[in-house]
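Numbering starts at 1 and runs along the sequence shown.
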Amino acid sequence: MATEPRTTMMTKLFHASEKIGERKQIAFVQSIPEFLTAPEPITWSALDIDDERQAVGRKKAENLEIELIFTEAQYDELKALQTANTNEYWFIQLPEETAETEGKPLTWNFQATVHVGLTELALDDMIKAKITLYRNTEIEETKGFPTTSITE
């Protein structure tokens with residue numbers, strides 16, 4: 001049974017070289033920024049109407065900046081992906097508790113290259129990295145991770 005909405009839940013971020021198969025979780029994700037944005041509007045008008053109108057246009061190219069707390073091994077792995085300019089699959093998955101069907105929480109995936117940077121280093125704060133994902137495919141939504149089945 002799904003839980004009621006909560007103010008804070010643990011969303012997970014994974015990456016993999018293939019869409020289907022083994023994935024690796026990026027631990028200690030601080031937050032996931034907005035990533036399902038509306039397309040830019042196209043404004044139009046005609047001589048016989050008094051106001052402007054809008055229609056759905058295209059989405060602008062966007063990147064995702066995700067702050068995370070890391071271990072040295074995770075940092076090295078992400079830097080290796082950056083150096084290789086690898087076009088990985090990235091998965092954003094809601095917590096299991098939010099799923100109507102066990103094992104199938106909402107999951108979004110896309111392909112992107114990654115750049116690793118550091119955020120501000122401040123006294124009494126965690127050492128955090130900020131990865132920037134340069135998305136180059138459409139965002140797909142599935143219930144659970146994608147499988148070989150077309151119906152799932």
Side-chain angles (χ1 to χ4, degrees), residues 1-43 54-149 152:
M1 178 182 232
T3 61
E4 293 298 316
R6 297 183 186 175
T7 56
T8 304
M9 298 184 99
M10 192 60 118
T11 299
K12 297 176 184 171
L13 177 68
F14 298 83
H15 75 91
S17 57
E18 300 292 328
K19 187 174 183 178
I20 298 167
E22 186 177 338
R23 294 160 198 92
K24 186 155 191 176
Q25 183 177 350
I26 306 290
F28 313 117
V29 174
Q30 293 286 135
S31 65
I32 303 288
E34 180 179 18
F35 65 94
L36 293 175
T37 58
E40 293 288 321
I42 296 173
T43 304
Q54 287 187 338
V56 175
R58 293 184 177 263
K59 284 188 178 186
K60 288 190 172 192
E62 302 174 320
N63 59 23
L64 275 78
E65 291 184 352
I66 301 173
E67 193 172 78
L68 52 98
I69 302 168
F70 61 91
T71 63
E72 184 177 352
Q74 290 168 326
Y75 181 81
D76 290 345
E77 179 182 345
L78 290 169
K79 280 301 268 188
L81 292 175
Q82 174 185 312
T83 301
N85 200 29
T86 304
N87 196 30
E88 289 279 295
Y89 282 92
W90 296 86
F91 303 87
I92 298 171
Q93 187 173 69
L94 294 183
E96 178 67 38
E97 298 81 28
T98 64
E100 287 291 325
T101 305
E102 187 176 333
K104 296 198 178 277
L106 278 174
T107 305
W108 294 271
N109 73 82
F110 54 88
Q111 282 187 282
T113 55
V114 66
H115 182 274
V116 183
L118 290 175
T119 61
E120 176 184 17
L121 300 173
L123 185 64
D124 295 328
D125 197 4
M126 303 293 269
I127 298 173
K128 296 176 269 192
K130 182 182 282 187
I131 62 170
T132 303
L133 299 176
Y134 297 97
R135 185 174 58 84
N136 53 48
T137 62
E138 183 178 3
I139 297 173
E140 295 179 356
E141 181 180 300
T142 56
K143 304 265 177 124
F145 287 115
T147 64
T148 55
S149 173
E152 291 188 346

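Taking NE2 of His115 as the start and OG1 of Thr132 as the end, the distance is 7.0 Å to the nearest 0.5 Å. A distance of 11.0 Å separates CG of Leu94 from NZ of Lys12, quoted to the nearest 0.5 Å. The distance from atom CD of Gln54 to atom CD of Glu40, rounded to the nearest 0.5 Å, is 10.0 Å. Taking OG1 of Thr107 as the start and CD of Glu141 as the end, the distance is 9.0 Å to the nearest 0.5 Å.
In this structure, Arg23 satisfies the cation-pi test against Phe145, with its NZ or CZ atom closer than 6.0 Å to the six-membered ring centre and inside 45 degrees of the ring normal.
With a 4.5 Å cut-off on side-chain heavy atoms, Ile131 and Leu133 count as touching. Side-chain contact between Val56 and Pro41 is absent, with no heavy-atom pair separated by less than 4.5 Å. Using a 4.5 Å heavy-atom cutoff, the side chains of Leu68 and Tyr75 are not in contact. Between Trp108 and Leu36 there is a side-chain heavy-atom pair separated by less than 4.5 Å. Looking at Phe91 and Leu13, their side chains never come closer than 4.5 Å, going by heavy atoms from C-beta outward. Counting only heavy atoms from C-beta outward, the side chains of Leu78 and Ile26 approach each other to under 4.5 Å. Residues Ile92 and Leu64 are in side-chain contact: their nearest non-hydrogen atoms beyond the backbone lie under 4.5 Å apart. Inter-residue side-chain proximity for Leu106 and Thr98 is flagged as unmet; no heavy-atom pair is nearer than 4.5 Å.
A salt bridge (charged side-chain N to carboxylate O under 4.0 Å, His left out) check over residues 67-76, counting only residues at least two apart or in different chains, returns the pairs Glu67-Lys128.
Looking at residues two or more places apart in sequence or on another chain, you find a side-chain contact (heavy atoms from CB on, under 4.5 Å) between Glu88 and His15, Ser17, Leu81, Thr86, Trp90. Scored by the side-chain contact (heavy atoms from CB on, under 4.5 Å) test, Thr83 finds no partners at all (sequence neighbours excluded). Taking the side-chain contact (heavy atoms from CB on, under 4.5 Å) definition, one finds that Asn87 meets it with Gln111, Thr113, Asn136, sequence neighbours left out. By the side-chain contact (heavy atoms from CB on, under 4.5 Å) test, Glu62 is found to be paired with Thr37, Arg135, residues two or more places apart in sequence or in another chain being considered. Listed by chain and residue number, nothing satisfies the side chain to side chain donor-acceptor pair (under 3.5 Å) test with Glu96 (two or more places apart in sequence, or in another chain).
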Would Glu140 and Lys19 satisfy salt bridge (charged side-chain N to carboxylate O under 4.0 Å, His left out), going step by step from the backbone distance to the final call?
-> CA-CA 11 Å; Glu140 295 179 356; Lys19 187 174 183 178; 2.3 Å; yes

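Open room surrounds NZ on Lys24; 12 or fewer heavy atoms of other groups in view lie less than 6.0 Å from it.
With Thr101 contributing its side chain and Lys104 its backbone, the two residues share no donor-acceptor pair below 3.5 Å.
For Gly57 against Pro39, the heavy-atom pair with the smallest separation is O-CB, 3.4 Å.
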